[in-house]
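Throughout, protein chains are lettered first and strands after them, A, B, ... in sequence-line order, and every chain is numbered starting at 1.
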Amino acid sequence: MEKNNRDAAFLQVGNKLLDWYKKNARDLPFRQTKDPYKIWICEIVFQQTRINQGLNHYNNFIKRFPDVQTLAAAEEDEVLLYWKGLGYYSRAINIHKAARQIMNEYQGTFPSEYDEILKLKGVGKYTAAAVSSICFGGRMPAVDGNFYRVLSRVFADDFDISNSRAFVYFSELANLVMPENVGDFNQAMMDLGSEICKPKNPLCGVCPLNKDCLAFSLNKISEFPVKTKKVKTENLDLTYYFVHRNGQFLIQQRKDDFIWKKLFEFLPAISAELEPFIKSSKTISHKLTHKNVNIEIYDVEVDSETVWNDFTAQNEYLITDLEGFHHKSFPKPLENYVQNSLKD
DNA sequence: AACCCGGGGAA
DNA sequence: TTCCCAGGGTT
């Protein structure tokens, strides 16, 4: 009997959240559909990415690749082009692999079971739960950073969210408050976490859960969530040679085992015959989340047609111009360098 | 279980 | 500056 009262109190929290969501849901393009393809794409785009940052990328991506057939038929490089500037480029590579996976293993029909969705490349427990609940009535909580923050505050729970067991732990807390409509519940949690229960300066005065929030009643909101793991940054030094002549320049494609997977870059080294054509150099500093990148770029303008033809014939570097450049995906600092450099 | 992978906005 | 965002993959 005591357990039933407790369950009822928890369920009330979930229903309050749903009531708030009905009136305050954000008007987002992917809220108008239950097409699993579009929901899947939006879940991937907005991983570790704020809505305002990814919205144009999402809309452009859906316009170019409106369905899984179109995406699967495209080249990987074009998918990367539409991901340009978004970061975490393995998402683009995996999204393309998963599209072909759906064509080959599921006959082009998006899988509807959580366990099957989970098998898609780049789809983890969060994304599988989100797509499953929003599109197919699945009943798994889509536990993300918003769940960690909201639930740790509501329960004044100091479980360390940087602990690798946090996902399981907060999934169990989520199950306590989860109502019937799991799809809306998951999206409501995201909107509450984004608009009300923000990391800093949360709007507890207008929060639909403030009567149920233990951290708020204890005036300890700022103590939750607990996160012990610190972000450490390292230095990364890169050298590039921007070898060009008459508006053309040489590039190559990066591997998929380090940063900027499969994006294009300038030459990391040159042979002795090109050294006389080095005109200048400049250093660019670029901050990543876990790295401070210092890039030394040498401007190599090859004045000799003979040397240019000789060099390009002997090497397998790609030749491009400004037009071709706009159709390839470059790391942000190199993108900026080209746009400032070739204006002359 | 620990570590790696981008870029941008808020405070 | 620091934090963190609709996380997932690799080792």
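- Between A:Y88 and C:dC5 there is no side-chain N or O to OP1 or OP2 distance below 4.0 Å.
- Of the candidates A:F110, A:F65, A:F46, A:W40 forms a ring pair (Phe, Tyr, Trp, His ring centres under 6.0 Å) with just one, namely A:F110.
- Of the candidates C:dA6, B:dC4, C:dC4, C:dA6 carries the atom nearest the A:I51 side chain, counting heavy atoms from C-beta on.
- Atom C1' of nucleotide C:dC4 and atom CD of A:Q47 are separated by 15 Å, given to the nearest angstrom.
- Close to B:dG7, at under 4.0 Å from its OP1 or OP2, lies a side-chain N or O of A:H286.
- A donor N or O paired with an acceptor N or O is found under 3.5 Å between the base of B:dG6 and the side-chain atoms of A:T49.
- When each of B:dA11, B:dG8, B:dG7 is scored by its nearest atom to the side-chain atoms of A:W260, the top-ranked nucleotide is B:dG7.
- Rounded to an integer number of Å, the gap from A:R50 CZ to B:dA10 P is 8 Å.
- Nucleic acid contact class of A:N201 (heavy atoms, under 4.0 Å, all strands): sugar-phosphate only.
- Here the nucleotide nearest the side chain of A:T289, chosen from C:dC4, C:dA6, B:dG7, is B:dG7.
- Nearest to the side chain of A:K200, among C:dT2, C:dG9, C:dA6, sits C:dT2.
- Distances from the side chain of A:L288 to the nucleotides B:dC4, B:dG7, C:dG7 place B:dG7 closest.
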